[in-house]
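A short write-up of the structure that comes next.
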Amino acid sequence: MRHRSADLEAGLDSLAGLVADSLDLRQVLTEVATSAVRAIPGAEGAGVAVLKVERGEDPLVETAASAPFIVEIDDIQYALLREGPSITAASSRRPVRSGSLGGDKAWPRFGPRVGRLGVHSVLAVPLLLPDHVVGALSVYSFGKDVFDDDAARLAELFAKPAAVAVHNARTLAEALAVADQLRAALLTRPVIDQAIGIIRARTGCGCDEAFTKLRVLSQTEQRKLVDVAGQIVDEAVRRVLAARAQQAGVGPGV
């Protein structure tokens with residue numbers, strides 16, 4: 001028991017500062033999975049899945065694994081079958097485990113497939129915050145009946161700070177994505193405004209009508225609005241430069 005507590009302590013210590021170290025979401029998930037293998041007795045591999053909170057969407061956001069055989073298991077669970085212990089743990093908000101996956105009726109399609117890989121034991125726990133499910137953590141072993149009550153208790157203890165670390169990493173990733181979108185908008189807006197000004201100068205129309213013309217052109221050519229605007233601006237710049245070159249006597253043929 002003392003050895004198991006030391007393993008759990010080592011696993012928990014490795015969770016500290018993951019987001020503070022500016023790791024991206026996938027890196028944090030990988031660290032959580034790797035730490036779980038150290039913290040939970042009997043674990044030979046671990047997988048972490050992050051779920052969306054919004055309803056009506058594909059719930060899976062991101063996964064990470066501590067070993068290649070876990071990647072294969074996760075592909076079976078999430079991409080191929082949408083059935084397995086992590087999904088059950090997350091949806092029920094309760095830990096689940098099996099010591100003989102090949103014959104476990106809880107997952108009649110998932111179990112036999114994973115059993116044929118030589119993986120027989122699983123322990124899955126939900127990653128919970130007070131108001132929602134963040135995702136799920138699953139640990140696997142090649143042996144049968146590997147995870148006992150003590151392992152399940154330690155897994156639940158590990159899952160509490162793991163849920164916080166994963167939630168913080170996801171929140172940071174979403175904030176960075178929004179910042180990137182805002183940055184892109186700030187970069188593209190001047191180009192669009194310049195294109196609208198060029199259209200107004202050419203046609204004498206108002207701002208709203210010029211924007212409508214630009215949007216229709218974008219839809220007709222099936223190109224992004226900023227790309228069409230950039231082409232208009234580039235062409236206008238080339239015309240101005242060509243005219244200045246001719247006025248300076250350095251145009252074609254000079």
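These numbers come from a predicted model, not from an experiment. Heavy-atom basis, side chains included; hydrogens, waters and symmetry copies ignored.
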Do [X] and [Y] make a side-chain contact, defined as non-hydrogen atoms from C-beta onward lying under 4.5 Å apart?
X      : Y      : answer
Ile199 : Arg202 : no
Pro190 : Gln194 : yes
Glu62  : Arg170 : no
Leu29  : Thr63  : no
Thr171 : His167 : yes
Thr30  : Ser66  : no
Leu101 : Ser121 : no
Phe110 : Ile87  : no

Side-chain donor-acceptor distances from residues 133-142 under 3.5 Å, at least two apart:
residue	atom	partner	partner atom	Å
Ser138	OG	Ser86	OG	2.4
Ser141	OG	Gly42	O	3.4
Ser141	OG	Glu44	OE2	2.7
Ser141	OG	Gly143	N	3.4

Atom pairs and distances, side-chain donor-acceptor, residues 224-235, under 3.5 Å, sequence neighbours left out:
residue	atom	partner	partner atom	Å
Gln231	OE1	Arg223	NH1	2.6
Gln231	OE1	Arg223	NH2	3.0
Gln231	NE2	Glu235	OE2	3.2

Donor-acceptor pair, distance only, cut-off 3.5 Å: does the side chain of [X] make one with the backbone of [Y]?
X      : Y      : answer
Arg97  : Phe147 : yes
Arg113 : Gln77  : no
Ser218 : Leu214 : no

Identify the heavy atoms of [X] and [Y] that sit nearest to each other, and give their distance.
X      : Y      : answer
Leu25  : Ala173 : CB-CB, 4.2 Å
Ala33  : Ala65  : CB-C, 4.2 Å
Ala165 : Val28  : O-CG1, 4.0 Å
Asp74  : Gly47  : OD2-CA, 4.2 Å
Ala43  : Ala36  : CB-O, 4.4 Å
Arg26  : Ala64  : CD-CB, 3.9 Å

Go through it in stages, so that I can follow the logic: the residues are Val48 and Leu127, the test is side chain to side chain contact (heavy atoms under 4.5 Å, CB included), and I'd like the CA-CA distance, side-chain angles, deciding distance and then a yes or no.
CA-CA 9 Å; Val48 182; Leu127 299 178; 4.0 Å; yes
Distance from [X] atom [atom1] to [Y] atom [atom2], nearest 0.5 Å?
X      : Y      : atom1 : atom2 : result
Arg93  : Leu128 : CZ    : CG    : 6.0 Å
Thr220 : Arg215 : OG1   : CZ    : 11.5 Å
Asp208 : Thr212 : CG    : OG1   : 6.5 Å
Phe158 : Arg38  : CZ    : CZ    : 8.5 Å
Leu123 : Glu156 : CG    : CD    : 8.5 Å

Side chain to side chain contact (heavy atoms under 4.5 Å, CB included) for Ser100 and Lys144? Distances and angles first, verdict last.
CA-CA 6 Å; Ser100 183; Lys144 289 189 175 183; 4.2 Å; yes
For atom CZ of Arg94, decide whether the heavy atoms of other residues, nucleotides or ligands shown that lie under 6.0 angstrom number more than 12.
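Not buried by this count: 12 neighbours or fewer within 6.0 Å.
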Quick check: is [Y] connected to [X] through a chain of hydrophobic side chains (ILVMFWY, heavy atoms under 4.5 Å apart)?
X      : Y      : result
Ile196 : Val216 : no
Val71  : Val37  : no
Val119 : Ile70  : yes
Val96  : Ile76  : yes
Leu51  : Leu81  : no

Just one of Asp145, Val122, Val114 clears the side chain to side chain contact (heavy atoms under 4.5 Å, CB included) bar with Ser98, so which one?
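Single pass found, and it is Val122.
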